[in-house]
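Computed from a prediction, not measured in an experiment: that's the story for all the values here.
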Amino acid sequence: MAPISVRKIHHVGIVVEKLTRAYGFYRDTLGLPLLREVEIKDQGVRAAILGARESEIELLEPMQAGTGVTRFLEKRGEGLHHLCFETEDVDASLRNLKGSGVALIDETSREGLAGRIGFLHPRACAGVLVELATPPNGSHPDASPLRLKRVVLGSQDPKDTAQIFQRLFALPEQGMNDGPRTMLGVGRGALLLVPAHEVGGLEGMVALSVVAEDLDAVSARLRDTGTAMLSGAGELTVEPKFSHGVHLHISRFD
């Protein structure tokens, strides 16, 4: 099959119990600008998009029983839900994938918060729920104090999982030291694939890494709100219970 051309990581989806509580951390403490909030009735969710420079963070609050997001929350609790790539023509991408026998949830695009969207089945991407999106006029960087740097994926075989993403999306491999870890570039962001045993046996999306425009200011706000974190040289890691189930690394280094 011809790989799908993707421009960047458009957004990362996070399931939360209540948007109002999640705003307290992502908008008010981290300073991510709220770009829009809507209720998507056919999916049974209220969703909000917050800016993270070239990418976005999507918060999803389930509004009714029996939906996929509700089942996710009931089974796993709050946390990382899906990864969205921006592509020039989502319908052409879905046709290409379908013709190559790739497992899909959506064979044709539908309207979503990110524009025209379509989901691949998780079994197509080593257990990761991947969304493709084509915004109506493309998407552009915002003035967020944080930029999404990379999404960390846990895998029993990182090299094999990397090959799946390369075969589907032609993501270039970025240089790393010898070892089992693999980094794939996606626009200015990246996917970091690590052995599952390094992340508590977890597979799929396990962490986010962002770059802070002013790490000292972010760190001060986290301390002021009583957020538990581990601090190192030029970086910090937020305790997941404070970031709604997300292992979040914040760095001053690009």
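The only option from R147, R53, R252 that meets the salt bridge (Lys or Arg N to Asp or Glu O under 4.0 Å) definition with E213 turns out to be R53. A salt bridge (Lys or Arg N to Asp or Glu O under 4.0 Å) with R46 is found for one member of E61, E17, E37 and no other, namely E37.
Formation of a donor-acceptor pair under 3.5 Å by the T29 side chain with backbone atoms of G24 is found in this model. A donor-acceptor pair under 3.5 Å is formed between the side chain of R71 and the backbone N or O of G66. Judged purely by atom type and a 3.5 angstrom limit, S219 has no side-chain atom pairing as donor or acceptor with the backbone of L215. Remark: the backbone N or O of S155 is not paired with any side-chain donor or acceptor of T161 at under 3.5 angstrom.
Rounded to the nearest 0.5 angstrom, E58 CD and C84 SG are separated by 8.0 Å. The distance from atom CG of L148 to atom CD1 of I57, rounded to the nearest 0.5 Å, is 5.5 Å. Separation of atoms CG (L191) and CE (M183) is listed at 9.5 Å; rounding is to 0.5 Å.
Using a 4.5 Å cut-off on side-chain heavy atoms (C-beta onward), L30 and L248 make contact. Put simply, the side chain of T87 does not reach to within 4.5 Å of the side chain of F85, judged on heavy atoms. Counting heavy atoms from C-beta outward, L104 and H121 have side chains that stay 4.5 Å or more apart. Between L168 and L97, some side-chain heavy-atom pair lies under the 4.5 Å cut-off. Two residues are said to be in side-chain contact when any heavy atoms from C-beta on lie closer than 4.5 Å; V211 and K149 meet this criterion. V206 has its side chain out of reach of H247: every pair of non-hydrogen atoms, C-beta onward, lies at least 4.5 Å apart. For the pair T134/E86, no side-chain contact is recorded, criterion being any heavy-atom separation below 4.5 Å from C-beta on. Side-chain contact between V210 and H249 is absent, with no heavy-atom pair separated by less than 4.5 Å.
Using a 4.0 Å cut-off between a side-chain N of Lys or Arg and a carboxylate O of Asp or Glu, R95 and E107 do not qualify as a salt bridge.
Hydrophobic clustering (side-chain heavy atoms under 4.5 Å, transitive across Ile, Leu, Val, Met, Phe, Trp, Tyr) keeps I117 apart from M205. Put simply, L120 and F72 are part of two different groups of oily side chains (I, L, V, M, F, W, Y) that touch within less than 4.5 Å, one to the next. Grouping the Ile, Leu, Val, Met, Phe, Trp and Tyr side chains by contacts below 4.5 angstrom, directly or via other members, places L50 with L222. Side-chain heavy atoms closer than 4.5 Å link hydrophobic residues (I, L, V, M, F, W, Y) into clusters, and following such links, possibly through other members, connects L153 to V6. In terms of hydrophobic clustering, with Ile, Leu, Val, Met, Phe, Trp and Tyr side chains grouped at heavy-atom distances under 4.5 Å, I14 and L129 are assigned to different clusters.
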### Query
Yes or no on ring-ring contact (aromatic ring centres under 6.0 Å, His included) for F242 and F25, after CA distance, side-chain angles and deciding distance?
CA-CA 8 Å; F242 291 89; F25 178 77; 8.3 Å; no

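Separation of the F119 and H82 ring centroids falls under the 6.0 Å cut-off.
Closest approach of A124 and I164 over heavy atoms only: O-CG2, 3.4 Å.
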